[in-house]
Amino acid sequence: MGWLPGAASTYAADLDRIFYVILAVTGLVFIGVEATLIYFLWKYRGREGRKAAYIEGSNKAEIIWTVTPAVFIVGLAVASQSVWSKIKSPANFPTDAIEYRVEARQYAWGITYAGADGVLGTEDDFTRFNEMHVPVGQPVSFELTSADVIHSFFVPAFRIKQDAVPGLIMRVWFEATEVGEFALACAELCGVAHFNMGGKVIVHPQDEFERWVAEQS
Ligand SMILES: [Cu+2]
């Protein structure tokens, strides 16, 4: 199916698989519920000589319609756990990732690079706004913070979305699998110019990335 944006990160396919599994399960339940509703509308329609019965409730029915969805939801949670922890748990992040710092503010993304020495917090660090340059085929990770309100770092092609919360440091990682430019959006309504809080992730071949960093320093 081609209605998700092209997948361009190492974990995008895992996430898409979960998406389609959830869509299939909830889609089948939706069709089943609506079909039953329509059938009952027809079956119990008003007819000459038929009186509605008064029902006080049914413990059996309530147990069934509580336990059944609970089993599905717990099942989906368990099935998606490994992908979730791969993407979101800092303990499982790749250890060879390039480090950045990303600070969201109304209405821009401040991307801080480690510079030529590859170490953050040193003299040659530099910050660029709304453009995140990364090398292809190389994990990158960053501390995501916000200077003011809640924002959300969202790169649809990478299937990564993470809130930036003032006062908290969120850890994020991804590894781009394709060279090119990918939209970076704020996915949290953060003020009147929220719509304008866009940027891009520019994925370079490794040598081109190194050249770009050298040019900036
Ligand atoms: Cu924002």
Side-chain angles (χ1 to χ4, degrees), residues 3-16 18-19 22-23 77 80 83-94 97-115 120-122 124-136 138-204 209 212-213 215-217:
W3 39 280
L4 294 178
S9 77
T10 48
Y11 50 60
D14 295 334
L15 216 91
D16 290 0
I18 291 174
F19 174 80
I22 292 174
L23 182 68
S80 56
V83 175
W84 175 264
S85 73
K86 177 162 85 173
I87 299 174
K88 294 287 189 180
S89 301
N92 300 327
F93 282 21
I98 301 186
E99 282 291 324
Y100 295 70
R101 255 199 295 273
V102 176
E103 188 187 63
R105 60 174 61 235
Q106 293 170 314
Y107 298 93
W109 301 97
I111 319 287
T112 299
Y113 298 79
L120 275 173
T122 52
D124 70 343
D125 290 5
F126 60 90
T127 299
R128 296 290 176 269
F129 288 92
N130 297 332
E131 277 192 9
M132 183 168 192
H133 294 257
V134 301
V136 73
Q138 159 75 47
V140 305
S141 73
F142 54 91
E143 294 185 339
L144 176 65
T145 57
S146 168
D148 39 43
V149 300
I150 302 177
H151 302 273
S152 185
F153 182 94
F154 182 31
V155 183
F158 298 169
R159 310 291 192 267
I160 185 67
K161 185 190 274 173
Q162 175 60 58
D163 277 8
V165 183
L168 289 183
I169 294 170
M170 318 304 291
R171 299 281 312 162
V172 181
W173 84 277
F174 61 80
E175 178 180 336
T177 54
E178 264 175 50
V179 169
E181 290 191 11
F182 301 93
L184 159 63
C186 179
E188 182 67 54
L189 182 57
C190 59
V192 288
H194 159 69
F195 71 93
N196 206 21
M197 190 170 167
K200 50 193 169 181
V201 178
I202 299 155
V203 182
H204 300 273
F209 173 74
W212 181 84
V213 170
E215 277 165 23
Q216 308 298 311
S217 311

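When a residue number appears, it is its place in the shown sequence, counting from 1. Ligands are counted one by one from 1 in listed order, and the atoms in each one are counted from 1 as well.
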Within the side chain of S89, is there an N or O that forms a donor-acceptor pair under 3.5 Å with the backbone of K86?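 Pair absent, no side-chain N/O of S89 close to backbone of K86.
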
Hey, does the side chain of Y113 reach the backbone of H133 with a donor-acceptor pair shorter than 3.5 angstrom?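 Such a contact is found between Y113 side chain and H133 backbone.
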
What I want to check is whether the side chains of E99 and S141 have a donor and an acceptor closer together than 3.5 Å.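 Yes, because at least one side-chain N or O of E99 sits under 3.5 Å from a partner of the opposite role on S141.
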
Cut-off 3.5 Å, side chains only: do T10 and T177 have a donor facing an acceptor?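 No - no donor-acceptor pair under 3.5 Å links their side chains.
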
Would you sort out whether R105 and E103 count as a salt bridge (Lys or Arg N to Asp or Glu O under 4.0 Å), showing the intermediate values? CA-CA 7 Å; R105 60 174 61 235; E103 188 187 63; 2.8 Å; yes

Looking at W84, I want to see if its CH2 is surrounded by more than 12 non-hydrogen atoms of other residues, nucleotides or ligands under 6.0 Å.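 At most 12 heavy atoms, drawn from other residues, nucleotides or ligands, come within 6.0 Å of this atom.
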
Counting no waters, how many protein N/O/S atoms sit under 2.8 Å from the Cu ion (ligand 1)?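 That number is 4, waters not included.
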
